[in-house]
Amino acid sequence: MRFPIPHDPPVTFKARLHDARTATAIGRWLGLAVVVCFVTGVLSHYLQHPPHWLADRLPPRPYWGYHLTQGLHVACGTAAVPLLLAKLWAVYPRLFAWPPVRSVRHALERASVAVLVAAGVFELFSGLLNTFQWYPWPFSFVPVHFALSWLLLGSLLLHLAVKWPQIHAHWTRRSPGTLALPEADGPDRRALLTAVAAGVGAVTLTTVGQSVTALARFDLFAPRDPAVGPQGLPVNRTASAAKVTEASVRDWRLTVTGPRPYTLTLDELRAMPQYEVTLPLACVEGWSKSARWSGVRVRDLLDRAGGGPGARARVVSLEAAGAYRVMEMGREYAQDPLTLLALRLNGEVLSLDHGYPARIIAPNRPGVLQTKWVGRLEVA
Ligand SMILES: Nc1nc2c(c(=O)[nH]1)N[C@H]1C(S)=C(S)[C@@H](COP(=O)(O)O)O[C@H]1N2
Ligand SMILES: [Mo]
């Protein structure tokens with residue numbers, strides 16, 4: 001059975017391997033990476049910015065959930081870079097097909113491919129630069145990266161529908177209709193795909209150690225080495241960047257507001273029952289590191305202020321300005337026994353860069369919500 005390719009003359013690709021089989025073989029891996037990025041990205045977005053009805057229902061378990069999903073997000077996005085380059089190489093002669101437009105349907109198809117390529121390139125490179133905390137653009141990263149992910153998914157689905165004949169032919173191992181090339185291309189194709197796989201393996205192996213501790217020693221190119229930093233943990237925003245100084249925390253007191261507000265000194269906090277938890281700090285940029293934290297349970301602090309078993313919290317940092325100064329914590333997190341106002345890290349008093357005198361650590365939450373330099377806790 002032959003699968004006629006809509007609107008294509010018998011052979012569009014003149015050079016070897018710029019053919020539908022190669023494009024499909026690379027495309028399935030690229031498509032898989034994009035779908036994993038999309039699913040984990042949407043998850044990350046709603047963990048950080050939950051709609052009202054979801055805020056109190058987000059699950060704190062598994063405690064390693066965000067470490068896994070965000071590690072996957074960044075690893076698949078990184079792996080997708082060589083895949084996208086290989087895919088564009090395989091299909092680029094088609095981008096210059098002549099005549100450029102043969103029919104209304106062909107024009108629409110080309111327009112959808114233009115959107116797909118533009119959204120794909122933008123998502124991968126903006127994400128990659130974000131892992132390096134480099135923002136050479138005037139817009140804010142999160143909303144634009146999030147919005148374009150929907151555009152990318154939509155244009156990917158449209159593309160899959162349009163290319164269904166080739167994809168189907170590939171999966172059923174039949175020759176893809178009029179684009180069939182001589183079997184002699186087989187070894188070349190295998191060599192190309194092996195090279196692409198080796199490229200993907202290399203970028204993955206040399207970066208994924210930022211999230212997978214067992215592979216840390218191969219971590220050559222990741223922007224962060226999770227083992228490097230004060231107290232064995234990296235610092236994203238330093239105390240000096242946040243304008244928090246030794247002097248500004250000297251007379252520190254924790255203020256807890258609610259039906260029965262109170263304040264506590266650091267010594268009074270240390271006199272309360274202390275708990276130790278081992279939880280990862282999982283940054284949205286893809287690095288994660290587990291650490292031992294100890295301190296006071298947030299739910300004990302909320303209870304004491306008269307917050308009932310359903311209380312949620314708002315946490316305010318001493319930091320004067322900054323996107324992560326105020327953090328909302330839904331009920332499930334606030335009441336979780338693993339959620340601490342941590343005073344110690346890996347057996348030592350928190351360093352100023354890690355949030356001294358007190359910071360939040362909660363299970364299954366993005367690093368951006370693990371607020372440092374906590375000044376006030378509000379029963380919300
Ligand atoms: N007040 C405040 N807390 C903050 C931040 C911040 O900018 N301000 N950055 C967050 C981010 S993005 C991460 S990944 C973690 C990093 O914690 P660490 O510096 O202790 O490793 O802290 C979080 N807590
Ligand atoms: Mo982060």
Side-chain angles (χ1 to χ4, degrees), residues 40-41 43-45 47-49 64 66-67 69-71 73-74 77 127-135 140-142 145 210-211 213 222-245 248-249 252 254-255 277-295 298 313-329 333 339-378:
T40 52
L43 201 87
S44 175
H45 192 81
L47 280 177
Q48 278 179 68
H49 310 281
W64 42 262
Y66 192 74
H67 180 166
T69 62
Q70 195 62 10
H73 184 79
V74 173
L128 195 66
L129 294 192
N130 178 63
T131 69
F132 288 92
Q133 297 186 308
W134 183 27
Y135 306 104
S140 69
F141 170 76
V142 174
H145 192 72
Q210 65 180 330
S211 170
T213 313
R224 289 307 173 101
D225 179 345
V228 173
Q231 301 177 310
L233 199 67
V235 171
N236 252 12
R237 188 163 160 86
T238 59
S240 72
K243 298 200 172 67
V244 177
T245 61
S248 64
V249 295
W252 179 84
L254 176 73
T255 305
V277 301
T278 299
L279 287 179
L281 198 93
C283 180
V284 293
E285 289 145 27
W287 60 269
S288 292
K289 182 75 191 288
S290 239
R292 271 183 310 121
W293 309 89
S294 60
V298 165
R314 172 177 299 126
V315 178
V316 185
S317 172
L318 298 175
E319 200 185 356
Y324 310 123
R325 193 179 77 86
V326 180
M327 180 270 283
E328 307 286 337
M329 183 183 271
Y333 290 104
T339 301
L340 300 187
L341 182 70
L343 309 176
R344 301 173 74 85
L345 161 58
N346 289 334
E348 296 168 15
V349 172
L350 283 175
S351 67
L352 196 58
D353 279 338
H354 282 308
Y356 177 87
R359 78 172 300 168
I360 294 293
I361 185 79
N364 193 22
R365 284 203 111 188
V368 291
L369 302 177
Q370 311 283 26
T371 310
K372 304 197 276 193
W373 314 292
V374 171
R376 196 166 77 236
L377 194 63
E378 301 172 4

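Atoms within each ligand, like the ligands themselves, are counted from 1 in listed order. Hydrogens, waters and symmetry mates play no part in the numbers below; they use all other heavy atoms, side chains included. Since the model is a prediction, treat every value here as computed from it, not as a measurement.
With a 4.0 Å cut-off on non-hydrogen atoms, P234 touches ligand 1 through its backbone and not its side chain. At a heavy-atom cutoff of 4.0 Å, ligand 1 is contacted by no atom of V284, backbone or side chain. At a heavy-atom cutoff of 4.0 Å, ligand 1 is contacted by the side chain of R359 but not by its backbone. If you look at Q370 next to ligand 1, the close heavy atoms, those under 4.0 Å, all belong to the backbone.
The CD1 atom of I360 sits 13.5 Å away from the NZ atom of K372 when rounded to the nearest 0.5 Å. Note that CG of L369 is 8.0 Å distant from CE of M329, once rounded to the nearest 0.5 Å.
Residues E285 and V74 fail the side-chain proximity criterion, which asks for heavy atoms closer than 4.5 Å.
When hydrogens are left out, the protein atom nearest atom 19 (O) of ligand 1 is K372 NZ, 2.5 Å; that is the closest non-hydrogen contact. Atom 16 (C) of ligand 1 has as its closest protein heavy atom L281 CD2, 3.4 Å. Atom 2 (C) of ligand 1 has E319 OE1, 3.3 Å as its closest protein atom, hydrogens excluded (heavy atom only).
For a threshold of 3.5 Å applied to N or O pairs, the pair formed by W373 and ligand 1 contains no separation below that value. By the 3.5 Å distance cut-off applied to N or O atoms, R325 is not counted among the residues near ligand 1.
Near N236, with a cut-off below 4.0 Å to any heavy atom, the atoms of ligand 1 are 12 (S), 14 (S), 19 (O). Here is the list of ligand 1 atoms found below 4.0 Å of a heavy atom in S317: 1 (N). Listed by number with element, the atoms of ligand 1 under 4.0 Å from a non-hydrogen atom of R237 are 6 (C), 7 (O).
For the pair R237 and Y324, the cation-pi test (distance below 6.0 Å, angle within 45°) is failed.
Under a 3.5 Å cut-off, the side chain of Y66 and the backbone N or O of G367 do not form any donor-acceptor pair.
Closest heavy-atom approach to atom 23 (C) of ligand 1 within the set G367, A321, G375: this belongs to G367.
Ring orientation note: the planes of H145 and H73 are nearly perpendicular, at an angle over 60° on the 30°/60° scale.
The minimum heavy-atom distance linking G375 with W252 is given by the pair CA-NE1, 4.1 Å.
Between the side chains of Q133 and R224, a donor-acceptor pair is found at a separation under 3.5 Å.
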